[in-house]
Amino acid sequence: QHDGIAGVSKSASTKDIKKAYRKLAMKYHPDKNPNDKDAEQKFQDLSAAYEVLSDKEKRQTYDRHGEEGLKNAGMHDAGDVFSSFFGGGGGFGGFHFGFGGDDPGGEREMPRGADIVVDLEVSLVELYTGDFIEVARYKPVTKPAPGTRQCNCRTEMRTQQLGPGRFQMSPQQICDECPNVKFVTEEKILEVEIEPGMRDGQNYPFVAEGEPHIDGEPGDLTFHIVQMR
């Protein structure tokens, strides 16, 4: 449910918060509002709230313990800052962010490996009568490896104060730390069923048998049926 007059759900995803932040940061950026103390204060409040809401650990603290949890963690002005996003009278509660955040789990779109399309030659007789064709697929699979690695890397906007009333927004790569893995090539036999009456040019898909992605899901493998001449 929406809380306060800001119209923002407390379950809003990081992706939605980023969209709202970029839109409002451009609107209230001091460079676009010279000598406007109100816009400068709103920009500072917005930046402070975004720093927390886009930080995985701080966001979890807020989700679990609310503003008190952030105060205990050393953020003394949490109440004023978060009223900016969630209403309650402080900060810039009059802002309307324009999203509902109905997908609390939708932090980021899952990355995906590449799809593969392979020609598979079959005879006219096989197309007419049907057959099963075995194809050896040599596929990279992940195996545990010693140590840790950077993962789930993404670009986030960071705000830096250059001087009184001067701010700069710049992209910064942020990564998580995950258990290390390595790719090992394994052989897998795929069975393609050529159904009677299949035609030259038809496709036969194998879901999740394409190229892997170290931080996401594998792509798909598709056999493109080609009649031998």
Side-chain angles (χ1 to χ4, degrees), residues 9 11-20 22 53-60 63-64 99-157 171-229:
S9 169
S11 63
S13 69
T14 302
K15 183 178 180 180
D16 286 333
I17 288 172
K18 287 179 184 177
K19 288 181 180 178
R22 292 190 186 109
L53 292 176
S54 61
D55 183 281
K56 186 176 180 181
E57 292 184 3
K58 292 179 181 178
R59 176 66 188 270
Q60 288 176 348
D63 289 342
R64 292 173 183 169
F99 60 82
D102 294 327
D103 181 17
E107 291 295 311
R108 291 186 300 276
E109 184 176 346
M110 176 71 73
R112 193 169 178 272
D115 294 331
I116 302 174
V117 179
V118 179
D119 287 343
L120 180 64
E121 291 190 337
V122 298
S123 67
L124 179 60
V125 174
E126 289 170 324
L127 289 174
Y128 182 74
T129 62
D131 199 358
F132 287 92
I133 300 176
E134 290 188 346
V135 180
R137 162 80 166 121
Y138 294 92
K139 178 182 177 181
V141 296
T142 57
K143 299 290 185 182
T148 60
R149 63 183 177 87
Q150 288 189 329
C151 62
N152 303 322
C153 294
R154 65 273 184 195
T155 300
E156 296 185 354
M157 299 303 294
Q172 179 179 345
Q173 189 179 59
I174 305 296
C175 298
D176 299 328
E177 190 172 280
C178 295
N180 199 18
V181 295
K182 62 181 178 180
F183 283 112
V184 177
T185 301
E186 293 185 351
E187 180 182 2
K188 182 177 182 180
I189 302 300
L190 303 177
E191 191 173 66
V192 181
E193 181 181 5
I194 306 300
E195 298 179 356
M198 286 187 76
R199 300 184 304 276
D200 178 50
Q202 282 191 240
N203 291 326
Y204 193 99
F206 281 88
V207 176
E209 287 295 340
E211 289 299 313
H213 193 293
I214 196 169
D215 289 326
E217 300 173 344
D220 298 334
L221 168 64
T222 301
F223 287 104
H224 182 71
I225 305 301
V226 177
Q227 180 185 332
M228 290 187 292
R229 304 300 179 186

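As the structure is a computational prediction, the values presented were derived from the model and not from experiment.
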Find the distance between CD (Gln150) and CD1 (Ile174) and round it off to the nearest 0.5 Å. 10.0 Å
As an exercise, state the distance from CD of Glu177 to CG of Asn152, rounded to the nearest 0.5 Å. 12.0 Å
Shortest non-hydrogen pair, Pro218 vs Gly210, comes out as CB-O, 4.3 Å
Any heavy-atom pair between the side chains of Glu156 and Gln172 that's under 4.5 Å? no
Rounded distance [0.5 Å steps], CD in Glu187 versus OG1 in Thr185: 11.0 Å
Pairwise disulfide (SG to SG under 2.5 Å) hits with a residue in residues 174-229, at least two apart: Cys151-Cys178, Cys153-Cys175
Kindly state each residue pair satisfying side chain to side chain donor-acceptor pair (under 3.5 Å) with at least one member in residues 210-219, sequence neighbours excluded. Arg149-Asp215
Given side chains that start at C-beta, do those of Thr142 and Phe183 come closer than 4.5 Å, heavy atoms only? yes
Using side-chain heavy atoms (C-beta onward) and a distance below 4.5 Å, is Ile189 in contact with Glu191? no
For Arg154 and Asp176, run side-chain contact (heavy atoms from CB on, under 4.5 Å): C-alpha distance rounded to whole Å, both residues' side-chain angles, the deciding distance at 0.1 Å, then the answer. CA-CA 9 Å; Arg154 65 273 184 195; Asp176 299 328; 3.1 Å; yes
Check Ala208 against Lys139 and note the closest heavy-atom contact, atom names and distance. O-NZ, 2.9 Å
Output side-chain donor-acceptor pairs under 3.5 Å for residues 193-200, partner residues at least two apart or in another chain, one line each.
residue	atom	partner	partner atom	Å
Asp200	OD1	Gln227	N	2.8
Asp200	OD2	Arg229	NH2	3.4

According to side chain to side chain donor-acceptor pair (under 3.5 Å), does anything in residues 124-137 pair up with another residue at least two apart or in another chain? List the pairs. Ser123-Glu126
Could you tell me if the side chain of Phe223 sits less than 4.5 Å from the side chain of Leu190, heavy atoms only? yes
Would you say Val122 and Val192 make side-chain contact, with heavy atoms under 4.5 Å? no
Side-chain contact, heavy-atom cut-off 4.5 Å: Lys143 with Val141? yes
Residues passing the side chain to side chain donor-acceptor pair (under 3.5 Å) test with Asn203, sequence neighbours excluded, are His224
Do Val118 and Val135 make a side-chain contact, defined as non-hydrogen atoms from C-beta onward lying under 4.5 Å apart? no
Show me the pairs that pass salt bridge (charged side-chain N to carboxylate O under 4.0 Å, His left out) and involve residues 218-227, at least two apart or across chains. Arg112-Asp220
Stepwise side-chain contact (heavy atoms from CB on, under 4.5 Å) check, Val181 with Ile214: CA-CA 8 Å; Val181 295; Ile214 196 169; 3.7 Å; yes
If you measure from OH on Tyr204 to OG1 on Thr222, what distance do you get to the nearest 0.5 Å? 11.5 Å
